[in-house]
Undergrad: 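This is the structure, below, for whatever I ask next.
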Amino acid sequence: MHKTEHLTIEKPDVQDSGIQRAAAILRDGGLVAIPTETVYGLAADALNPQAVGRIFEAKGRPSDNPLIVHIAHLEHITNVARTVPESADKLAKAFWPGPLTMVLPKASGIPDKTSGGLDTVGIRLPSHPVARAVIEAAGVPLAAPSANLSGSPSPTTASHVLADMEGRIEAVLDGGPCGVGVESTVLSLAGKRPLLLRPGGVTPEQIESVIGPIDIHPAVYHALEQGQKAESPGMKYKHYAPHTKVMVVKGDGQSFARYVNSQIGKVGALCFDEDLPHLHVPAVSYGHMGQPDTQAQGLFDALRRLDGLDADVVYARYPDVDGMGLAVYNRLMRAAAFEVIEL
Ligand code: TXA
Ligand code: MG
């Protein structure tokens, strides 16, 4: 494989030369990492099984882990889903374009490769103007998982993408840092009751305000137990992990600082901005205390920087868990393999 092209954008518009170049590569069966409002996605033509197969190779992703199909117009949902229940219609009107993925019965035109062999498919209409312009210019729905190596933190900048994907993909389209910072909410509407499979940019409270009560899969809060069913294949796999061991510490700022400062050995901290002045060990902040939106924006970059701390263990400050915080909590707990120390 050749060097990965770094494409820049003048204007988020179908006519833009970077977007035209990305679309041409995608139509040819190539791979292009594209910015979305959540994280960068590793895109290929969702209808081309060879192209989709290359996504799995580039990421080192298990082939049973299905991909999300991205569309640019609400009307195109019927090209991807076999049936669209009323709840999906309501949610699309409320939250699309935006960070919500709905799992629906799959239309026959979607290859098994794309859906990981399932008869359902995850569908999302992103709000990022560059993502929408690329889908539009390519003229096909785009399959796109997060553009990281399988198991690593999702990329929120083009340089994160290149750190993992240089030489493995044809191009990255640089749209600057992603606004939300964690991936979309994944909600299954293919079963008897709506089931939240992954918390993300749209909160459970927001969803319930439109369609009423939903179930939340236990894997959102806890490690999947042996024999427990993974409704979403992604739940089975280790995720978001830096190479350094991470442990989450539950307690207020003062006890967190006291605990971390008293540890012996090569120790680091993953904390809030407000904690930094009180810590005597190498530390990385992932946002402001009490502000889950900033924590979501900063988390993946902070996780990537932990390996530079030269620590054997990194102690992470417990996130706020309401609203967007549930998505942050879920990512951080998985990065820590659900290891929590209660102070
Ligand atoms: O924000 C996002 O969703 C980003 C951007 C690029 O759109 N994409 C993303 O894709 O996070 P990925 O592949 O990294 O995560 C998708 C998750 C996986 O855990 C996968 O198992 C689950 O959604 N998923 C996809 N299709 C599914 C389906 N048909 N049934 C159950 N789970 C599904
Ligand atoms: Mg991912």
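We use all heavy atoms of the structure for the numbers below, so side chains are in, but hydrogens, waters and symmetry mates are not. Counting convention: from 1, in listed order, for ligands and their atoms alike.
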Undergrad: Out of P145, S115, P66, S150, whose heavy atom is nearest to atom 33 (C) of ligand 1?
TA: P66
Undergrad: Considering only non-hydrogen protein atoms, determine which one is nearest to atom 7 (O) of ligand 1 and report residue, atom name and distance to 0.1 Å.
TA: H70 NE2, 2.7 Å
Undergrad: Give a yes or no on this: more than 12 heavy atoms of other residues, nucleotides or ligands lie within 6.0 Å of atom CD of E86.
TA: no
Undergrad: Does only the side chain of N65 get under 4.0 Å from ligand 1, or the backbone, or both, or neither? Count heavy atoms.
TA: side chain
Undergrad: Could you find the nearest protein heavy atom to atom 5 (C) of ligand 1 and give me its residue, atom name and distance?
TA: T38 OG1, 3.6 Å
Undergrad: Near the Mg ion (ligand 2), is there an N/O/S atom from N148 that is less than 2.8 Å away?
TA: no
Undergrad: Counting only heavy atoms closer than 4.0 Å, does ligand 1 sit against the backbone of E37, its side chain, both, or neither?
TA: neither
Undergrad: Quick test: of every protein heavy atom, which one is nearest to atom 32 (N) of ligand 1, and how far off is it to 0.1 Å?
TA: S232 OG, 2.9 Å
Undergrad: Considering only protein heavy atoms, which is closest to atom 3 (O) of ligand 1, and at what distance to one decimal place?
TA: S184 OG, 2.5 Å
Undergrad: Tell me whether K106 reaches ligand 1 (any heavy atom closer than 4.0 angstrom to a ligand atom).
TA: no
Undergrad: Examine the side chains of H278 and Q254 and answer whether a donor and an acceptor come within less than 3.5 Å of each other.
TA: no
Undergrad: Where on V121 is there a heavy atom closer than 4.0 Å to ligand 1, on the side chain, on the backbone, on both, or on neither?
TA: backbone
Undergrad: Give me the nearest non-hydrogen protein atom to atom 23 (O) of ligand 1 as residue plus atom name, then the distance to 0.1 Å.
TA: V186 CG2, 3.8 Å
Undergrad: Keeping the roles fixed (side chain from R334, backbone from M235), state whether a donor-acceptor pair exists under 3.5 Å.
TA: yes
Undergrad: Tell me, with the steps shown, if F300 and Y286 meet ring-ring contact (aromatic ring centres under 6.0 Å, His included).
TA: CA-CA 8 Å; F300 286 141; Y286 70 101; over 10 Å; no
Undergrad: For M235, state whether at least one heavy atom is located under 4.0 Å from any atom of ligand 1.
TA: no
Undergrad: Does ligand 1 have an atom under 4.0 Å from some heavy atom of P233?
TA: yes
Undergrad: If we ignore angles and hydrogens, is there a donor and acceptor under 3.5 Å between the side chains of R304 and S152?
TA: no
Undergrad: Are any of the side-chain nitrogens in E170 or R21 under 4.0 Å away from the carboxylate oxygens of its partner?
TA: no
Undergrad: Starting from atom 31 (C) of ligand 1, find the nearest protein heavy-atom neighbour and note its residue, name and distance.
TA: E231 O, 3.5 Å
Undergrad: Do any heavy atoms of P99 fall under 4.0 Å from ligand 1?
TA: no
Undergrad: Suppose we measure from atom 9 (C) of ligand 1 to each protein heavy atom; which comes out shortest, and what is that distance?
TA: S146 N, 3.6 Å
Undergrad: Give the residue, atom name and distance (to 0.1 Å) of the protein heavy atom nearest atom 17 (C) of ligand 1.
TA: R198 NH1, 3.7 Å
Undergrad: Can you classify the ring geometry of Y221 versus Y329 as parallel (below 30°), tilted (30 to 60°) or perpendicular (above 60°)?
TA: tilted
